[in-house]
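This one's a predicted model, so the numbers in the text were calculated from it and none came from an experiment. To find a chain, count down the sequence lines: A is the first, B the second, and so on, and within it residues start at 1.
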Amino acid sequence: MKHLSEEEQIEMYYGDGSEEARKHLKVCQECAAEFAKFKRSLDAIKSEDVPQRGPDYGDFVWQALRPQLIPYEKKTTGWHGWSWWKLATAAAACLALMTAAFIGGRLWEHRSAGPNDVAGGTNAGNAQPQQRVVLVVLTDHLDRTERLLVQLNHADLRDRSESAQLQTEARELLASNRLYRVSANKEGDPALAGALDRLEGVLAEIANDPHLTAADLERVRKDMNTSGILFEVRVLLTRKPNEEGGPKPAKGVSI
Amino acid sequence: MQGNDHSIVRAVLAGDKEAYGALVRAHSAAAFRVAFRITGNEADAEEIVQEAFLRAYQRLEKFEQRSAFGTWVYRIAVNCALSRMGRPEIEAEYRHGEETDAETKTVQLAAQDADPERVLLGREASAAQEMAMQRLTATEKCAFVLRHLEERSMGEIAEALGVAPNAAKQAVFRAVQKLRRELAPLRGNA
Ligand SMILES: [Zn+2]
């Protein structure tokens, strides 16, 4: 056998090495020396100290999270059926976050804020973490939508349970999309609202057609330029507050 | 513990929102640790923990009872951290590297005169290590943190990153290669 490659050394180091590599290492002095050196270099890479969280940390997280959660209701539908209350729970939680951020008028402000803001970063009352949560929630929404389109692309739409699942996902996305659009509109962001409106059209097509065929899907994709819309929304999300078409900062509000 | 977590999940899904508190309390610390290791930033890590538990709550019906809740929420936290690092405007921040280059050079110069082993243990070395980590892509860094610091298996890493096992393995490889190359001057090529 030839000497161990770097990849094989890495595997050995993490305990995933092949039997062959292990045996070679025992008999080949050259590789053994090389591996010892390799091991030293990796052993030296240590975690920087993780800042200590007190015993109350979990409670602190829970207290911050608690007001954002809406209780689930008892399940009454079958595993396949879509329950509207669940949708309302998820969507309402997103809406609460969105609204909080929009009211701050600073949704699109990223971490460009001055160093003074950093000090408040761990304060539960600070709006900044929530704004970032909102950005993440919206990005997550786009990611899920994109994933759905990809899945639809590869799905066997004659398989009823598969298409039912995808449709469920589409309905879920449609409902949250509606809330995002309404919020964007309310907060005077017509560009984002418009893009979300077009995305809603796509989701509605998928969610509401119980007998979706591959040809339908292709038509939706083409006619509605789905990838163009997704791209547009993503671009809108990266805007700075004073860019054209961005939401106007709320008057007199400073957080 | 795991059985207990499962019964809590069932209670939450049956409408007992308060029960979720026990899950948050039990698993926040691990989520914080991995989030901090990935982002290197305390405030970011705290936000990620919040996000992860919020998302977990929203998707609780999708949680499969055959896996552990702790593993599941840990994975969500990794995902939150990853997507946060992967976003361009944030990526730029993580990499805002120009002014740190001078620092790297100082570290390397100091390293030449000193006992490399000792230097490696020093503060400068950990700064250099941190900078080298920041030069990894978000996926590479995540994969490396999970493998090297969190000692997760390749299978777990692949699942957490949502990629094929081989892609996870390649990400760890690339990270190790880059880190060793970057940190070689510090070791005086020992
Ligand atoms: Zn050899």
Can you tell me how far [atom2] of [Y] sits from [atom1] of [X], rounded to the nearest 0.5 angstrom?
X: A:Asp140; Y: B:Cys80; atom1: CG; atom2: SG; result: 8.0 Å
X: B:Leu183; Y: A:Ile45; atom1: CG; atom2: CD1; result: 5.5 Å
X: B:Arg180; Y: A:Lys37; atom1: CZ; atom2: NZ; result: 7.5 Å
X: A:Ile10; Y: B:Arg147; atom1: CD1; atom2: CZ; result: 11.5 Å

Practice task
Give me the ring orientation class for A:Tyr13 and B:His148: parallel if the planes are under 30° apart, tilted from 30 to 60°, perpendicular past 60°.
Solution key: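 Aromatic pair A:Tyr13/B:His148 classed parallel.
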Considering all heavy atoms of both residues, which atom of [X] and which atom of [Y] are nearest to each other, and what is their separation?
X: A:Pro71; Y: B:Gly15; result: CB-O, 3.8 Å
X: B:Gln129; Y: A:Ala44; result: OE1-O, 3.7 Å
X: A:Gly58; Y: B:Val24; result: O-CG1, 3.7 Å
X: B:Leu54; Y: A:Gln68; result: CD2-OE1, 3.6 Å

Problem - Pair B:Lys169 + A:Glu7: basic N to acidic O under 4.0 Å - result: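 No.
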Problem - Heavy-atom neighbours of A:Asp43 CG exceed 12 at 6.0 Å - result: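 For A:Asp43, atom CG is crowded (more than 12 foreign heavy atoms under 6.0 Å).
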Taking side chain as everything from C-beta outward and backbone as N, CA, C, O, which of these in [X] sits under 4.5 Å from a heavy atom of chain A? Side chain, backbone, both or neither.
X: B:Glu151; answer: neither
X: B:Arg59; answer: both
X: B:Met133; answer: neither
X: B:Phe144; answer: side chain
X: B:Leu60; answer: both
X: B:Phe36; answer: side chain

Practice task
Could you check A:Glu11 against B:Phe173 for side-chain contact (heavy atoms from CB on, under 4.5 Å), going step by step and ending with a plain yes or no?
Solution key: CA-CA 9 Å; A:Glu11 283 176 343; B:Phe173 283 172; 3.9 Å; yes
Practice task
Under the salt bridge (Lys or Arg N to Asp or Glu O under 4.0 Å) rule, collect the residues that match up with B:Glu64, sequence neighbours excluded.
Solution key: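 So B:Glu64 forms a salt bridge (Lys or Arg N to Asp or Glu O under 4.0 Å) with B:Arg66.
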Problem - Set of residues satisfying salt bridge (Lys or Arg N to Asp or Glu O under 4.0 Å) with respect to B:Glu18, sequence neighbours excluded - result: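 With neighbours one apart ignored, the set is A:Arg66.
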Problem - Backbone N/O of B:Tyr57 and side chain of A:Tyr72: donor-acceptor pair under 3.5 Å - result: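 Pair found, side chain donor or acceptor close to backbone of B:Tyr57.
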Exercise for the section: In sequence, state the C-alpha distance, the side-chain angles, and the governing distance for B:Val176 and A:Phe38, and then conclude on side-chain contact (heavy atoms from CB on, under 4.5 Å). Expected result: CA-CA 10 Å; B:Val176 169; A:Phe38 177 91; 4.1 Å; yes
Practice task
Find the one option among B:Arg55, B:Met154, B:Glu130 whose heavy-atom pairs under 4.5 Å with chain A are most numerous.
Solution key: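 Between B:Arg55, B:Met154, B:Glu130, the count favours B:Arg55.
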Exercise for the section: Could you tell me whether the side chain of B:Phe32 reaches within less than 4.5 Å of the side chain of A:Val61, counting heavy atoms only? Expected result: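 Result no, sub-4.5 Å side-chain heavy-atom pair not found.
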Exercise for the section: Counting only heavy atoms closer than 4.5 Å, note whether A:Asp143 contacts chain B via side chain, backbone, both or neither. Expected result: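 Nothing of A:Asp143, per the 4.5 Å heavy-atom cut-off to chain B.
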